[in-house]
Amino acid sequence: GLSAEKIFSNQETLENENEETSSDCINKETVDNTKIEAVPISVPTPVPAPTPVSESSSEPIASEDIVTNEKQEIPVELQSMITWENEESVPYLVLVEAFEKIGATTGRIEKENILSNLFRCIILTTPSDLSTFIHLASNSVASAYENVELGIGDSLLVKAICGSTGRNKASVEEDYKREGDLGLVALSSRASQKTLSFGPPKTTTKKSSLTGKHVFEQLKKIAFTKGDKSQARKVDLIKAMMIKCVGCEAKYLIRALQGKLRIGTANQTVLVAIATAFTNTIPSAVQEQMDADILLLKDEPSNSKSNSKS
């Protein structure tokens, strides 16, 4: 067996080793704690705003490709023509004044430019009225395939002029024979019409209450008026519009009802004017769709590459 001294010496050796191991653990913990305390606290950096990404690609969209919904600016050459507010019904007088300018010029391009500028003004302010004014400029109340006609004869128009201006039928018919244009007769009848008034005459110019939309709706109503006493009802509708006419509105209203604007234009003139208007003044909604299509076209090469790899 082992001696007692050797056993005691082995126990002392084991105790010393245990003390050294425990002291090493304590020192290690102390060092670790020191390291933790010495590490500086990091301050989080601000995260930049996310860049817009197209739906079909992960590539960011350039800032110039982002479309805003801001109102389009009115070009300088059109500002004097616009006398109404945005989204407000366009006055019928605006079209009539354009007709006057077109009738005074003989050049085809000048006629197209006058109509084109009118359409541009409507696109920029009240695009919902555009189709109405295209019909009025084409002297139609419906599309050609609908085959809708006004069906107004000269005798009904003479009655309407007499009823709205107070003139007798014989004098109106005499003027018609001399002028050869019932629109001019209506204009002169309105200009010479005497109205009951009190006090000194007003110097302010009367503002037209007719809008293109209202005139177009009344023309359609006249075209679809059928049945018993339809002629009398048509005359009443015409008289109601004639009473509201100012300036040259009566002249072109009667001409439109006759189907003869007498300004030297045809449907082709209106078509060219529409094309020019949309080329020079692209509606905001159309521009947004065009920009979206351009982005899709830009993404097509990357999409085709990914498809070929797969």
Side-chain angles (χ1 to χ4, degrees), residues 83 89-105 132-133 135-141 149-223 225 229-265:
T83 58
S89 294
V90 182
Y92 180 60
L93 186 61
V94 175
L95 179 65
V96 167
E97 290 174 348
F99 284 164
E100 283 285 277
K101 293 177 183 178
I102 292 171
T105 184
T132 295
F133 277 81
H135 277 295
L136 292 173
S138 306
N139 199 25
S140 61
V141 294
E149 296 182 358
L150 286 171
I152 300 294
D154 290 347
S155 59
L156 289 182
L157 295 176
V158 170
K159 286 182 181 180
I161 294 172
C162 294
S164 60
T165 61
R167 296 186 62 187
N168 60 68
K169 182 179 177 181
S171 62
V172 171
E173 289 178 342
E174 184 179 350
D175 289 348
Y176 185 26
K177 289 179 182 179
R178 184 179 64 253
E179 296 287 349
D181 183 357
L182 203 52
L184 291 177
V185 176
L187 178 62
S188 61
S189 299
R190 284 289 295 164
S192 60
Q193 182 182 7
K194 296 180 180 180
T195 57
L196 182 63
S197 61
F198 300 93
K202 296 181 180 179
T203 57
T204 56
T205 304
K206 184 180 178 182
K207 185 178 179 181
S208 174
S209 59
L210 285 177
T211 63
K213 185 177 180 180
H214 175 72
V215 172
F216 183 64
E217 289 174 349
Q218 297 304 105
L219 292 177
K220 289 186 72 173
K221 189 179 292 186
I222 291 170
T225 299
K229 298 182 180 179
S230 60
Q231 301 300 316
R233 282 181 283 156
K234 289 180 180 181
V235 171
D236 290 340
L237 290 172
I238 298 170
K239 284 166 54 179
M241 287 190 288
M242 281 284 295
I243 292 171
K244 297 179 181 179
C245 287
V246 299
C248 294
E249 288 179 336
K251 171 183 174 181
Y252 288 99
L253 177 62
I254 295 298
R255 284 182 176 182
L257 290 163
Q258 274 189 309
K260 307 171 185 177
L261 288 177
R262 300 173 182 265
I263 56 176
T265 59

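Source: prediction; values computed, not measured. All heavy atoms count here, side chains included; hydrogens, waters and symmetry mates do not.
Across all their heavy atoms, Met242 and Ala186 have their closest contact at CE-CB, 4.1 Å. In plain terms, the two heavy atoms of Val172 and Cys162 that are nearest each other are CG2-SG, 3.7 Å. Nearest heavy-atom pair, Leu261 versus Ala137, reported as atom, atom and distance to 0.1 Å: CD1-O, 3.9 Å. Considering every non-hydrogen atom in both Tyr176 and Leu182, the closest pair reads CE1-N, 3.5 Å. In terms of heavy atoms, Leu253 sits closest to Cys245 at CD2-SG, 3.8 Å. Here the shortest heavy-atom pairing between Gly212 and Leu136 reads O-CD1, 3.6 Å.
A salt bridge is absent between Arg190 and Glu249: the closest approach of a Lys/Arg side-chain nitrogen to an acidic carboxylate oxygen does not fall below 4.0 angstrom.
With values rounded to the nearest 0.5 angstrom, Leu219 atom CG is found 10.0 Å from Ser140 atom OG. To the nearest 0.5 Å, atom CG of residue Asn139 and atom CZ of residue Arg262 are 11.5 Å apart. The CG atom of Leu93 sits 11.0 Å away from the OG atom of Ser209 when rounded to the nearest 0.5 Å. Taking NZ from Lys220 and OG1 from Thr132, the interatomic distance works out to 8.5 Å, rounded to the nearest 0.5 Å. Between the NE2 atom in His214 and the CD atom in Gln218 there is a gap of 4.0 Å [rounded to 0.5 Å]. From Arg255, atom CZ reaches atom CG of Leu257 across 12.5 Å, with rounding to the nearest 0.5 Å.
Surrounding CD of Glu179 are more than 12 heavy atoms belonging to other residues, nucleotides or ligands, all under 6.0 Å away. Remark: Glu174 CD is loosely packed, at most 12 non-hydrogen atoms of other residues, nucleotides or ligands lying under 6.0 Å away.
A donor-acceptor pair shorter than 3.5 Å can be found between the side chains of Ser189 and Arg167.
Annotation: ring pair (Phe, Tyr, Trp, His ring centres under 6.0 Å) contacts involving residues 240-261, sequence neighbours excluded, comprise Phe99-Tyr252.
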**Asked** Under the side chain to side chain contact (heavy atoms under 4.5 Å, CB included) criterion, do Val90 and Leu95 qualify, and how do the steps go?
**Response** CA-CA 9 Å; Val90 182; Leu95 179 65; over 6 Å; no
**Derivation and outcome, side chain to side chain contact (heavy atoms under 4.5 Å, CB included), residues Leu184 and Lys251** = CA-CA 6 Å; Leu184 291 177; Lys251 171 183 174 181; 3.9 Å; yes
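The closest donor-acceptor contact from the side chain of Thr105 to the backbone of Ile102 lies at 3.5 Å or more, if one exists at all.
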For residues 234-241, tabulate all N or O donor-acceptor pairs below 3.5 Å that involve a side-chain atom, not counting sequence neighbours.
none

